[in-house]
**Student:** 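This is the structure, below, for whatever I ask next.
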Amino acid sequence: MPKKINLDIASVEQREQRLGTIIAWDGTTEDLHKQSSYELRGQRERGTGCGGNCRLCELQGPFTQGSVCSEQMVECQAGNVRDAVLIQHAPIGCGGGQVPYNNIYRNGLAMRGFPVENIRIINTNLLESDMVFGAADKLRQSIDDAYKRYQPQAIFVASSCATGIIGEDIESITDEKEAELGIPVIPMACEGFRSKHWSTGFDATQHGILRQIVRKNPTKKQEDLVNVINLWGSDVFSPMLAHLDLRVNYVVDLASVEELAQMSEAAATVGFCYTLSSYMAAALEQHFGVPEVKAPMPYGFAGTDAWLRELAKVTHREHLVEKFIQEEHARVKPKVEELKQKLKGVKGFVATGSAYAHGLIQVLRELEVEVDGSLTFHHDPVYDSGDQREDSLGHLNEHYGQVKNFHVSNRQQYQLYAFLQENQPDFLLIRHNGLAPLASRLGIPSAPLGDEHIAVGYDGIVNLGETILEILAHKKFHDDIKQHVKLPYKKWWLEQKDAYVLARHPELVKFDEEEYRAEQERKEAAHA
Amino acid sequence: MPKIKQDKNGQTNSISQVRYGCALGAMHSVSAIPGAIPITHCGPGCVDKQYMSLSFYNGYQGGGYSGGAVPPSSNLQEKDVVFGGAKHLEQLIEASLKIMDADLFVVLNGCIPEIVGDDIGAVVARYQEKGVPIVSAETGGFKGNNFTGHEIVTEAIIEQFVDKYADKSKKQKGLINVWSELPFQNTFWRGDLTELKRILEGAGWQVNILFGYGSKGAAEWLTIPNAEFNLVVGPWLGLKTAKLLEKKYGQPYLHLPVLPIGAKQAGEFLRAIAAFAKENEVQTEAFIKQEEREYYYYLEYFTDFYAEYWWGLPAAYAVVSDAAYNLAINKFLVNQLGLIPAKQIITDHTPEKYQEAIREQYRQLAEDVSAEVEFVEDGYIVGELLRQQDYGHKPPVIFGTSWERDIVKELKGHIVEVSYPVSYDVVLNKTYIGYRGALTLLETIFTTAISKSA
């Protein structure tokens, strides 16, 4: 049995410690799967590694470009709870996130039919003197402001790099305020430097919700309620689950605090991406007895079939599922056939979060779109439940075949150049910003999947196919801009075939004064 | 009892609905210089946060050559916190020199190295000694906002790059350095600086605009010491830099607090510069005449709409923005259109020493018009102040940010997004200043107002 998730302490355990997460790797998906040793890791106690039986080596080099931090993921989850307030105990720079996450929140509310309103995030605005003397009173004040202004059902408090380093005792203040205000006041340890990968921020939010919001001893069970761990995506799960007489409880984004609290009353928990749902789904099962649906993710026919069957089994609706699957196949297959014709010979490249990418590649393969290469921002060799049925990479390899040029690259645009040269795709599927701008400058369009549900289920196959056709049409724009821009990378770098060459040969970047001078002179001569 | 002071508007330390970035956000001032690349020594999310807010969800300005996901960043981890990150920075700089193609690198640090005490100046100095065009700027996020950061970055480039490489021996008659809007923070800076440069050149000046398309990049920065004088356009930003240059290169500076919008302000603006330098008077008058011909040609046709549109046009307004745009828009609305100012709100954390001079500007928006101005940073307080205003019997126009959309709905008013964050406008080269920008501003205001009923 894998080690249980520990809800006794206020800080979440980082992903790399729980799961062995890495952020840089290069090879085939089969190699990655082998080195991940999902089965072995799943059986072992967390934090003890693989006992020497598996090797998953990270390729760390001297060069990185700006990435993403855990606190941002906290903003996009805890900040998106409809009747809560998020406090950033941080200098004002962290407050920059209020702007993008407001946009996400407003678009999410509109997509789900809620009244559109501003996000409620308060920054405590730490200044230089606070770094010396601490800022407990600022946090107290901001909690009071949050309570007075919005009468929230819960207040989340996010830590920051600055508070982490100066050692602010956030927990004792949230304890004090929770007692005083009578609503959950939830500390979340999400310092950017604390984890090498930002997905720890998902876990930090979920950890806080599990500890302080989810109803501990529910007096009733809702046997037709299914927790769907997602972001702000459009409502594709309700119609699907209605066929099994099930209702959806979307969490965390756009949920109310009560909807978060009732998670312990649900019949099951599912997700659209194990990267996001792994922690909370496993903890709900281990600590609240709500079973996690352990199945391949609902992408492509094979994935969706298996997912529905497992969901039906867990919720005792086996009698409804086969008919639904049959009908859906009959309805969707002709459309998929049509799309296959239109997408013949097209090559795609997926560049998204980890488990989500596995799902998207499945859908592309279902559409017979060629996928030789892809990247994920990180890789979890195992998920929290340790259950092999959740092995999304294994499922991809087994049912849809391997991806031969597979990269783990944490939003590193400079590496994407080599990946794209190697694979020459016609389009990219992306989430998170930063990579599509480079692809565009190389004449390659990208489909930004802002609605994360777009590829889910049977309709998802059709949606994704149609989305690809739309963005292929954009190619005219990208081909044009390609002719008129200069990239910020030197010729030497653009000629490198191996995007990880600096990790393998860090000596390559050793500063050579003479070489640099000669280069400057050449450049000046060219200018003149 | 909380020990935090509150001001008269009820503002505490809390800041919701942010209206500026942090000092590190001034990495955008670097990427606004053609050919310059910022290198950031900070946490993993800092660059993305500043970019996604100041540039992306602010007019969708984009990263271009050296913004967005391009800037090298040390993405500091626990080990850097524990052992210090200087060595890490050194590696990053060496790799950046090998990979990235820039005429100028600016190393900026964030909160982490500032707290743990990485000496980025010492690291960077090693490369400066070897002739690398690289400077360091200490922009720890808790040191202040991106306005402060902009001045830190600007001065770092002047001290560590310009001063080292420029030929300072001669002054060039008619050449001026312009210090004005904050790039990227001001959503319309590209179009605005282009218009500013156009009208200054039209009036006979040679212009170091320093940021954006019209700048020649690092090479242009090297001619800063050759300018005859510095021109600071706006209520306060840039004054510190101008004073530095005065001391350093004996350059006088002219401070014109009103960023000019419309023929009246633009004419006053250009004449003030000619009078200050006692130069280009003839060309200035000729240019003003020519521009006014065009400006009033369009305004004449607009007159019919403004004089006899039946279905109601807004009268009262409030501006919620940085000081530069706030004063500029107020001047234009009062003097060109005769609109009625309610309370005006400046949100850029204007240093206290400049506030009284700015208040004075609002006391004399026109001979017969004055307005009250508040300095507020917390968006919640902004909302409260806007809610309490009396706008008369008609709904107001609020010139503000995307944050004001909710309150404007509540007031049944109109919104024109003019200040960061502008998340519901796609901005390429739009300008709201000068002669041409004023016409665009008129189009925007009244298109917004009359399309509401449709």
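Values below: every heavy atom of this structure, side chains too, minus hydrogens, waters and symmetry copies. Every chain is numbered from 1, with letters handed out A, B, ... down the list of sequences.
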**Student:** Do you know which of B:V47, B:I115, B:I93 has the most heavy-atom pairs under 4.5 Å to chain A?
**Tutor:**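 The residue among B:V47, B:I115, B:I93 with the greatest pair count is B:I115.
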**Student:** Give, as side chain, backbone, both or neither, the part of B:V18 having an atom under 4.5 angstrom from any heavy atom of chain A.
**Tutor:**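 It is both, since atoms from each part get that close.
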**Student:** Any chance you could measure B:N145, atom CG, to B:C22, atom SG, to the nearest 0.5 Å?
**Tutor:**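 Result: 9.0 Å between the selected atoms.
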**Student:** Please flag which part of B:Q77 lies under 4.5 Å from any non-hydrogen atom of chain A: side chain, backbone, both or neither.
**Tutor:**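 B:Q77 touches chain A through backbone and side-chain heavy atoms alike.
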**Student:** Checking an interface table here. Which of residues 92-101 of chain A come within a heavy-atom distance under 4.5 Å of chain B?
**Tutor:**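 Hits under 4.5 Å: A:I92, A:G93, A:C94, A:G95, A:G96, A:G97, A:Q98, A:V99, A:P100.
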**Student:** Which atoms of A:I166 come close to chain B, meaning under 4.5 Å heavy atom to heavy atom: side chain ones, backbone ones, both, or neither?
**Tutor:**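 For A:I166, the side chain is the part near chain B, not the backbone.
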**Student:** Side chain, backbone, both or neither: which part of A:Q14 has an atom under 4.5 Å from a heavy atom of chain B?
**Tutor:**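 Interface part for A:Q14: side chain.
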**Student:** Need one label for A:E515: side chain, backbone, both or neither, based on atoms under 4.5 Å from any heavy atom in chain B.
**Tutor:**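 Side chain only.
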**Student:** Going by heavy atoms in the side chains, are B:I112 and A:I165 under 4.5 Å from each other?
**Tutor:**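 With C-beta onward as the side chain, the pair touches.
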**Student:** In terms of side-chain geometry, is the basic nitrogen of B:E78 or A:K196 positioned less than 4.0 Å from the acidic oxygen of its partner?
**Tutor:**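 Not counted as a salt bridge, because no side-chain N and carboxylate O are separated by less than 4.0 Å.
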**Student:** So do the side chains of B:I99 and A:K490 get within less than 4.5 Å of each other, counting heavy atoms only?
**Tutor:**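 A side-chain contact under 4.5 Å is absent here.
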**Student:** Ion pair present between B:D80 and B:K87, side-chain N to carboxylate O less than 4.0 angstrom?
**Tutor:**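 Salt bridge absent between B:D80 and B:K87.
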**Student:** Check the angle between the aromatic planes of B:F184 and B:H28 and answer parallel, tilted or perpendicular using the 30° and 60° thresholds.
**Tutor:**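 Rings of B:F184 and B:H28: tilted, as their planes differ by 30° to 60°.
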**Student:** Output, in order, the C-alpha distance, side-chain angles, deciding distance and verdict of side-chain hydrogen bond (donor to acceptor under 3.5 Å, both in side chains) for B:E404 and B:T401.
**Tutor:** CA-CA 6 Å; B:E404 273 68 71; B:T401 72; 2.8 Å; yes
**Student:** Measure up the A:F511 and B:Y127 rings against each other and bin them: parallel (under 30°), tilted (30 to 60°), perpendicular (over 60°).
**Tutor:**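 The rings of A:F511 and B:Y127 stand perpendicular, inter-plane angle above 60°.
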**Student:** For the interface with chain B, which of A:E75, A:E71, A:R106 has the highest count of heavy-atom pairs at distances below 4.5 Å?
**Tutor:**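 The answer is A:R106.
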**Student:** So which residues of residues 517-524 of chain A are in contact with chain B at a heavy-atom cut-off of under 4.5 Å?
**Tutor:**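 Interface residues of residues 517-524 of chain A: A:R517, A:Q520, A:K523.
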**Student:** Which one wins on heavy-atom pair count under 4.5 Å against chain A: B:G64, B:S402, B:P72?
**Tutor:**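 Option with the greatest count: B:P72.
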**Student:** Using a strict 4.0 Å threshold on nitrogen-to-oxygen distance, state whether A:D137 and B:K3 make a salt bridge.
**Tutor:**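 Salt bridge: yes.
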**Student:** Does B:E384 come within less than 4.0 Å of B:R387, counting only side-chain N to carboxylate O?
**Tutor:**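 The answer is yes: the pair qualifies as a salt bridge.
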**Student:** Check the pair B:S55 / B:Q61 against side-chain hydrogen bond (donor to acceptor under 3.5 Å, both in side chains), numbers first and verdict last.
**Tutor:** CA-CA 5 Å; B:S55 173; B:Q61 299 178 62; 5.2 Å; no
**Student:** So what's closer than 4.5 Å to chain A heavy atoms on B:A23: side chain, backbone, both or neither?
**Tutor:**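 For B:A23, no heavy atom lies under 4.5 Å from chain A.
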**Student:** Select one option (side chain, backbone, both, neither) describing which atoms of B:S66 are under 4.5 Å from chain A's heavy atoms.
**Tutor:**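 For B:S66, neither part sits under 4.5 Å from chain A.
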**Student:** Quick check on the interface: out of B:K409, B:K143, B:Q91, B:E94, who has the most heavy-atom pairs with chain A under 4.5 Å?
**Tutor:**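 Ranked by heavy-atom pairs under 4.5 Å with chain A, first place is B:E94.
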**Student:** B:D118 versus B:N109: any side-chain heavy-atom pair under 4.5 Å?
**Tutor:**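 No, too far: nothing below the 4.5 Å cut-off.
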**Student:** Heavy-atom pairs under 4.5 Å with chain B - which of A:S70, A:C161, A:S142, A:A90 has more of them than the others?
**Tutor:**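 Looking at each option in turn, the highest pair count goes to A:S142.
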**Student:** Please classify the contact between A:L494 and chain B as side chain, backbone, both or neither, with a heavy-atom cut-off of under 4.5 Å.
**Tutor:**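 Contact with chain B is absent: no heavy atom of A:L494 under 4.5 Å.
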**Student:** Using heavy-atom distances under 4.5 Å, tell me whether B:Q6 contacts chain A through its side chain, its backbone, both, or neither.
**Tutor:**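 Answer is side chain: those atoms of B:Q6 sit under 4.5 Å from chain A.
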**Student:** Going through the checks in order, is the side-chain contact (heavy atoms from CB on, under 4.5 Å) test met by B:S423 and B:W403?
**Tutor:** CA-CA 9 Å; B:S423 302; B:W403 294 116; over 6 Å; no
**Student:** Does atom CD of B:E352 have more than 12 heavy-atom neighbours from other groups under 6.0 Å away?
**Tutor:**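 Open: at most 12 neighbouring heavy atoms sit under 6.0 Å from CD of B:E352.
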**Student:** Would B:R405 pass as a cation-pi partner of B:Y424, given that its NZ or CZ must be under 6.0 Å from the six-membered ring centre and within 45 degrees of the axis?
**Tutor:**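 Yes, B:R405 and B:Y424 form such a contact.
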**Student:** Side chain, backbone, both or neither: which part of A:F63 has a non-hydrogen atom closer than 4.5 Å to chain B?
**Tutor:**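 The answer is both parts of A:F63.
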**Student:** Between B:Y57 and B:Y420, is the ring centroid distance below 6.0 Å?
**Tutor:**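 No, the ring centres sit 6.0 Å or more apart.
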**Student:** Does B:K130 come within less than 4.0 Å of A:E514, counting only side-chain N to carboxylate O?
**Tutor:**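 No, B:K130 and A:E514 are not salt-bridged.
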**Student:** Using the six-membered ring of A:W492, assess whether NZ or CZ of B:K98 lies under 6.0 Å from its centre and within 45 degrees of the ring axis.
**Tutor:**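 The answer is yes, since B:K98 meets both limits relative to A:W492.
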**Student:** Over 60° means perpendicular and under 30° means parallel, so classify the ring planes of B:F161 and B:Y165, tilted if in between.
**Tutor:**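 Rings of B:Y165 and B:F161: tilted, 30 to 60°.
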**Student:** Counting only non-hydrogen atoms closer than 4.5 Å, does B:D378 touch chain A with its backbone (N, CA, C, O), its side chain (CB onward), both, or neither?
**Tutor:**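 The answer is the side chain of B:D378.
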**Student:** Answer yes or no: is there a side-chain heavy-atom contact under 4.5 Å between B:M27 and B:C46?
**Tutor:**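 No - every pair of side-chain heavy atoms lies 4.5 Å or more apart.
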**Student:** Looking at A:N433, A:I121, A:V132, A:T124, which makes the most heavy-atom pairs under 4.5 Å with chain B?
**Tutor:**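 Counting heavy-atom pairs under 4.5 Å, the top option is A:N433.
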**Student:** What part of A:Y417 gets closer than 4.5 Å to chain B, counting heavy atoms only: side chain, backbone, both or neither?
**Tutor:**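 Looking at A:Y417, nothing touches chain B.
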**Student:** Given the options B:N146, B:L76, B:V116, B:L24, which has more heavy-atom pairs under 4.5 Å with chain A than any of the others?
**Tutor:**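 Top option by heavy-atom pairs under 4.5 Å: B:L76.
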**Student:** Could you check which of B:A102, B:G10, B:A69, B:S73 has the highest count of heavy-atom pairs closer than 4.5 Å to chain A?
**Tutor:**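 Result: the option with the highest number of such pairs is B:S73.
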**Student:** Under 4.0 Å between a side-chain nitrogen and a carboxylate oxygen: does that hold for B:D348 and B:R19?
**Tutor:**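 Judged by the 4.0 Å cut-off on N to carboxylate O distance, B:D348 and B:R19 do not form a salt bridge.
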**Student:** Partners of B:K5 by side chain to side chain donor-acceptor pair (under 3.5 Å), sequence neighbours excluded?
**Tutor:**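 B:K5 satisfies side chain to side chain donor-acceptor pair (under 3.5 Å) with no residue once adjacent residues are dropped.
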**Student:** Would you please classify the geometry between the A:F377 ring and the A:H432 ring as parallel, tilted or perpendicular, with 30° and 60° separating the classes?
**Tutor:**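 Ring orientation, 0 to 90° scale: perpendicular.
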**Student:** Would you please go through residues 34-44 of chain B and name the residues with a non-hydrogen atom below 4.5 Å from one of chain A, in numerical order?
**Tutor:**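 Residues of residues 34-44 of chain B touching chain A at under 4.5 Å: B:I37, B:P44.
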**Student:** Hydrogens and angles aside, do A:Q413 and A:Y489 bring a side-chain donor and acceptor to less than 3.5 Å of each other?
**Tutor:**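 The answer is yes; a qualifying pair exists.
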**Student:** Can you tell me how far CD1 of B:I381 sits from CD of B:E377, rounded to the nearest 0.5 angstrom?
**Tutor:**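 Reported value, rounded in 0.5 Å steps: 11.0 Å.
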**Student:** Could you have a look at A:P506, A:G61, A:S67 and say which one has the most heavy-atom pairs with chain B under 4.5 angstrom?
**Tutor:**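 Among A:P506, A:G61, A:S67, the one with the most close pairs to chain B is A:S67.
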**Student:** Could you measure the distance from the OG atom of A:S160 to the CD atom of A:Q88? Nearest 0.5 Å is fine.
**Tutor:**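 The CD atom of A:Q88 is 9.0 Å from OG of A:S160, to the nearest 0.5 Å.
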**Student:** Between B:G25, B:G63, B:S96, which shows the greatest number of heavy-atom pairs under 4.5 Å with chain A?
**Tutor:**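 Answer, by heavy-atom pair count under 4.5 Å with chain A: B:S96.
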**Student:** Is it the backbone or the side chain of A:L127 that comes under 4.5 Å from a heavy atom of chain B, or both, or neither?
**Tutor:**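 Both the backbone and the side chain of A:L127 come within 4.5 Å of chain B.
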**Student:** Among A:V485, A:N102, A:N103, A:V85, which residue has the highest count of heavy-atom pairs closer than 4.5 Å to chain B?
**Tutor:**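 Between A:V485, A:N102, A:N103, A:V85, the count favours A:N103.
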**Student:** Chain A heavy atoms under 4.5 Å from B:Y65: which part of the residue, side chain, backbone, both or neither?
**Tutor:**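 Both backbone and side chain.
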**Student:** For the interface with chain B, which of A:K491, A:R194, A:E128, A:R441 has the highest count of heavy-atom pairs at distances below 4.5 Å?
**Tutor:**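 Going by pairs under 4.5 Å, I would pick A:E128.
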